[in-house]
Amino acid sequence: EKVQALERQVRSLEKKLKRSHADRRLLETNNVRTESLLKRVIEELKESKQALEDRRQALENILTELRATQTKLVESEKMSALGVLMAGIAHEINNPVSFIYGNLQHAKEYTQDLFKLIETYQREYPNPPETIQHMIKDIELDFLEEDYCQLLQSMDVGAERIYEIVGALRNFSRLDESDYKEADLHEGLDSTLRILGHRLKPNPHHNGITLVKDYDDLPQVNCYPGKLNQVFMNILSNAIDALEAAMGIGSWGKDGAAAVSLQDPKITISTAIEYQRIMIRIGDNGPGIPAEIIPKLFDPFFTTKPVGKGTGLGLSISYQIVVEQHHGQLLCEADETGTVFTIVLPI
């Protein structure tokens, strides 16, 4: 009976052992299945994450393209309207100035004939009646002859100046030169400066902005002349704005506030050839630009100016013109002594 009891215990233990082995194999199988399922879930999550990242990047690219398209549309519309406006103004000014300028030459000739006639009378009749002598004295004939000639000369100079301004307007708009062609960059810079000249001269708010030009000998460059003129206009206008802010004029300056009054405002323009590239540097001695703002300067619609003072498109458009359309570079360096924009163009 004891032996039978032991045999029954042994068989019971064998059954338990077999069940234990079966449970372990089942557990191992379940573990393998669980690990496989987890791996599959992780892979699917990675794939989903990558798909979301690709989708996000695609949406960012679309947004960037939309902003660039919007900027180009604004630029195109603005430049088209500006070109038409300038061409119309130049045409309207040119007609009356041509009339004045052409008639000035005749006025000079007529005046010379009249004064010659008076001189002839004075030689032939050295002792005129007292009434004529009194009139000669009253009108100061000698002074009148000298001053009238100077007056006509000053009118001639003024008409010539208007001709130069009209030429600058035409050169800046370049409606007839929208193609890629050879152009003189110095001519474009000077035309832009003529248009902005009134902002550099002394006025009730300041004693004028000093302009320093250091031009190197540059070759003719293949470019879009009108578009580069727009770049010059944007950068120079910003420089004048910064200097006016530094002089306490306007409502913004460094960090968005009016800066300390600047006593000697100055803009420096230099051109040079370096490493087979043309370098155009436009600098000012204004309050500079905070370092954290510089990376955002060329972003569309970014501006530190108050509402109504700036659109945030000037430098963005300039960057596209220089980098994308001319395969160059547009760089900015700034500190507390001022700001320098460098336009780099391939020859």
Hey, is CG on N207 packed in by over 12 heavy atoms from elsewhere, all under 6.0 Å? no
Check step by step if side-chain contact (heavy atoms from CB on, under 4.5 Å) holds for F341 and L315. CA-CA 10 Å; F341 281 91; L315 289 179; 4.0 Å; yes
Charged N to carboxylate O below 4.0 Å: is that the case for D156 and K108? yes
Distance check, rounded to the nearest 0.5 Å: D142 atom CG versus E140 atom CD? 9.5 Å
So, applying side-chain contact (heavy atoms from CB on, under 4.5 Å) with L211, which one of T268, L236, L193 is it? L193
What distance do T131 atom OG1 and I136 atom CD1 have between them, rounded to the nearest 0.5 Å? 9.5 Å
Which residues share a ring-ring contact (aromatic ring centres under 6.0 Å, His included) with Y148, sequence neighbours left out: none
Counting neighbours of CG on D217 that are heavy atoms of other residues, nucleotides or ligands and sit closer than 6.0 Å, is the number greater than 12? no
Does one hydrophobic cluster hold both I282 and Y215, with members joined at side-chain heavy-atom distances below 4.5 Å? yes
If you take all heavy atoms of L330 and F298, which pair is closest and at what distance? CD2-CE2, 3.5 Å
Would L218 and L228 show up in the same hydrophobic cluster when neighbours are defined by side-chain heavy atoms closer than 4.5 Å? yes
Measuring from atom OG of S48 to atom CZ of R55, what distance do you get when rounded to the nearest 0.5 angstrom? 12.5 Å
dist H326:NE2 -> E324:CD (nearest 0.5 Å) comes out at 12.0 Å
Please determine if R277 and E274 form a salt bridge, counting it only when a charged side-chain N lies under 4.0 Å from a carboxylate O. no
For G188 against N229, the heavy-atom pair lying closest together: CA-OD1, 3.2 Å
Between E244 and R199, is the side-chain contact (heavy atoms from CB on, under 4.5 Å) condition met? List the steps. CA-CA 10 Å; E244 287 182 345; R199 296 189 64 189; 3.2 Å; yes
Check whether any side-chain N or O of N285 sits under 3.5 Å from a backbone N or O of K266 as a donor-acceptor pair, and report yes or no. yes
Minimum-distance pair of heavy atoms, taken over all atoms of Q276 and I347: O-CG1, 3.6 Å
Are the side chains of V231 and N234 in contact, using a 4.5 Å heavy-atom criterion? no
Is any side-chain heavy atom of E336 closer than 4.5 Å to one of P287? no
Nearest 0.5 angstrom please: D284 CG to I209 CD1, how far? 9.0 Å
Is the shortest heavy-atom distance from the side chain of L200 to the side chain of I267 under 4.5 Å? yes
Minimal heavy-atom distance between A183 and C223, with the atoms involved, is CB-SG, 3.9 Å
Is there a donor-acceptor pair under 3.5 Å between the side chain of D147 and the backbone N or O of F143? no
With the side chain counted from C-beta on, respond yes when I269 and R281 share a heavy-atom pair under 4.5 Å apart, and no when they do not. no
If you count every heavy atom of other residues, nucleotides or ligands that lies below 6.0 Å from R56 atom CZ, does the total exceed 12? yes
Are Y224 and V344 grouped together when hydrophobic residues (ILVMFWY) are joined by side-chain heavy atoms under 4.5 angstrom apart? no
Can you name the closest pair of heavy atoms from Q230 and I321 and give their distance? OE1-CD1, 3.6 Å
Charged N-O contact under 4.0 Å between E53 and K49: no
By side-chain contact (heavy atoms from CB on, under 4.5 Å), which residues pair with P128, not counting sequence neighbours? I132, Q133
To the nearest 0.5 Å, what is the distance between CD1 (I280) and CG (L185)? 4.5 Å
Do T271 and D216 get their side chains close enough for a donor-acceptor pair, meaning under 3.5 Å? no
In this structure, would I343 and M279 fall into the same cluster of hydrophobic residues linked by side-chain contacts under 4.5 Å? no
Determine whether V221 and L189 fall in the same hydrophobic cluster, where Ile, Leu, Val, Met, Phe, Trp and Tyr are linked whenever their side-chain heavy atoms lie under 4.5 Å apart. yes
Using a 4.5 Å cut-off on heavy atoms from C-beta on, say whether the side chain of P219 contacts that of I273. yes
Please report, to 0.1 Å, the donor-acceptor pairs under 3.5 Å made by any side chain of residues 109-127, with sequence neighbours excluded.
| from | atom 1 | to | atom 2 | distance (Å) |
| --- | --- | --- | --- | --- |
| T111 | OG1 | A107 | O | 2.6 |
| T120 | OG1 | K116 | O | 2.8 |

So does L151 get a backbone contact from the side chain of S154, meaning a donor-acceptor N/O pair under 3.5 Å? yes
Heavy-atom closest contact (C332 atom, I294 atom, distance): O-CG2, 4.4 Å
Y180 (side chain) donor-acceptor with N222 (main chain) under 3.5 angstrom: yes
